[in-house]
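Structure record follows, encoded as structure tokens.
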There are 2 protein chains.
Amino acid sequence: MPTSTTKRDDILDSALTLFAERGFDATTIPMIANDAKVGAGTIYRYFANKEVLVNTLFQHYVTLFKEALEKDYPEGTGIREQFHHLFQGMIRFTNEHDHALYFIKTHTSAYFLDAESREQFGHLLMILENFFEAGKQQGQIRELPSKALIAIIFGGFLQLYQLIRVGELEASAELLAGVEESCWDAVRHHA
Amino acid sequence: MPTSTTKRDDILDSALTLFAERGFDATTIPMIANDAKVGAGTIYRYFANKEVLVNTLFQHYVTLFKEALEKDYPEGTGIREQFHHLFQGMIRFTNEHDHALYFIKTHTSAYFLDAESREQFGHLLMILENFFEAGKQQGQIRELPSKALIAIIFGGFLQLYQLIRVGELEASAELLAGVEESCWDAVRHHA
DNA sequence: TTTATAGGAATGAATATTCATTCCGTTTTT
DNA sequence: AAAAACGGAATGAATATTCATTCCTATAAA
């Protein structure tokens, strides 16, 4: 076992960035080692193989994201406020963990995800489905399948964040507020 | 030069499917050859290498998609009708060319795209930007950067179509109409 | 009409390259 | 000094690409 946990974290950080930018298959172990400033062999001291590494990363960030959404969730309040909480959670999470959401999204249906990763991701979807189902019952959310509503919000938001990451847009408070409003209008029930 | 154009098309068809399903890096030339029922070497009679193949494919479908959006565009009409045209164009294109839009989307910022591919994609964005810019000037479209509006629509739509392709949702007329309405509400100016 | 021949197209085994993983000598920690 | 952690060259498997050979098809000679 390693003395400090620094190298393991360095490896995970580099892997996250590279997997998000180039994808799993286009990212080589030597690339990760180089970026993390460790020897290629060192990676195998911490992770049995490349798939274990990517699954560890995936589960780690899915869990963090779930926590970001659930933390301080305003249970008894209005649906718009709950939506705001979830949306802010996405933004906060994205700011704190630069490439994480994009990594999750682009690897969500990858062939190398193990059962545990898929299950964790299922939990995440459940949180969002519950929100939309409740909203539809109250007549406050558009009558579309929850899966579709989630896809619209997530797809749109992540596509947008890609532009921000690439530098084509700046993540100003004004822009983000506008995007939240746009997403809300996409899912809410209109009179 | 080949006697018929069949093999080249077979190769392109197989490559499209496999690139869309597995991604560029996880798709091997022998896989493509096998799926297209040609020898691996045959692929190199038509395409100098794997990157030329993927760029050819990318440019081909970006061009087709541009045409689908521009064909019969209702120039002098209302903005909602124009939006409908563009949205229907997306749907029609997706139905006609099963994996094409998803392939385009997932490979849009890939490291192996050449200058020509990037430029073609730029043209495509321009069509949509022009639409949104005009709409904002008329006060009919939400005041957000056009790039952001495009990201929201495209990201959402494509994420949704992924669910359909995977079989989690059915592409009924009702669903599609609802999604169009949702997307429209996302981008339109609200009083 | 049949047979020969040329030349492009197709093939897939052989080669070159890339990459995940292992191994072992060196360095660091205890 | 012993044990653990490291680095990075070495290994072997997988993959892109090449190329010598075979297969077609079309034209021409008989």
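In what follows, chains are A, B, ... by sequence order, proteins preceding strands, each numbered from 1. This structure is a prediction, so every number in the text was calculated from the model and none was measured.
Of the side-chain N and O atoms in K7(A), none sit less than 4.0 angstrom from OP1 or OP2 of dA4(D).
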inquiry  = What verdict does the side chain to side chain donor-acceptor pair (under 3.5 Å) test give for T6(A) and D9(A), after you've listed the backbone C-alpha separation in whole Å, the side-chain angles of each residue and the deciding distance to 0.1 Å?
reply    = CA-CA 5 Å; T6(A) 283; D9(A) 287 347; over 6 Å; no
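Taking atom CZ on R22(B) and atom C1' on dA14(D), their separation rounds to 13 Å, with Å as the unit. In this structure, CE of M31(B) is placed 12 Å from P of dA14(D), rounded to the nearest angstrom. Look at CG on L53(B): it is 10 Å from P on dT17(D), rounded to the nearest Å. Counting to the nearest Å, the C1' atom of dT15(D) and the CG atom of L18(B) are 15 Å from each other. As rounded to whole Å, 6 Å separates atom P of dT17(D) from atom CD1 of I29(B). Here the P atom of nucleotide dT17(D) and the CD1 atom of I11(B) are 14 Å apart, to the nearest Å. The separation between R45(B) atom CZ and dG12(C) atom P is 14 Å, rounded to whole Å. As a whole-Å value, the separation of D25(A) CG from dA14(D) P is 15 Å.
F19(B) meets the ring pair (Phe, Tyr, Trp, His ring centres under 6.0 Å) test with F24(B); sequence neighbours excluded. In terms of the side-chain hydrogen bond (donor to acceptor under 3.5 Å, both in side chains) criterion, R92(A) has no residue partners (sequence neighbours excluded).
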Side-chain donor-acceptor contacts of residues 28-44 of chain B below 3.5 Å, not counting sequence neighbours, with atom names and distances?
residue, atom, partner, partner atom, Å
T28(B), OG1, M31(B), N, 3.1
D35(B), OD2, S14(B), OG, 2.6
T42(B), OG1, G39(B), O, 3.4

Listed pairs under 3.5 Å, donor-acceptor, residues 149-168 of chain A side chains, sequence neighbours left out:
residue, atom, partner, partner atom, Å
Y161(A), OH, N95(A), OD1, 3.1
Q162(A), NE2, Y102(A), OH, 3.2
Q162(A), NE2, S109(B), OG, 2.9
E168(A), OE1, K147(B), NZ, 3.1

Output a table of donor-acceptor pairs, distance under 3.5 Å, between side-chain atoms of residues 133-141 of chain A and any protein atom two or more places apart or on a different chain; print 'none' if there are none.
residue, atom, partner, partner atom, Å
E133(A), OE2, K136(A), NZ, 3.3
E133(A), OE2, S146(A), OG, 2.6
K136(A), NZ, L144(A), O, 2.7
K136(A), NZ, S146(A), OG, 3.3

Protein-nucleotides 18-21 of chain D N/O pairs under 3.5 Å:
none

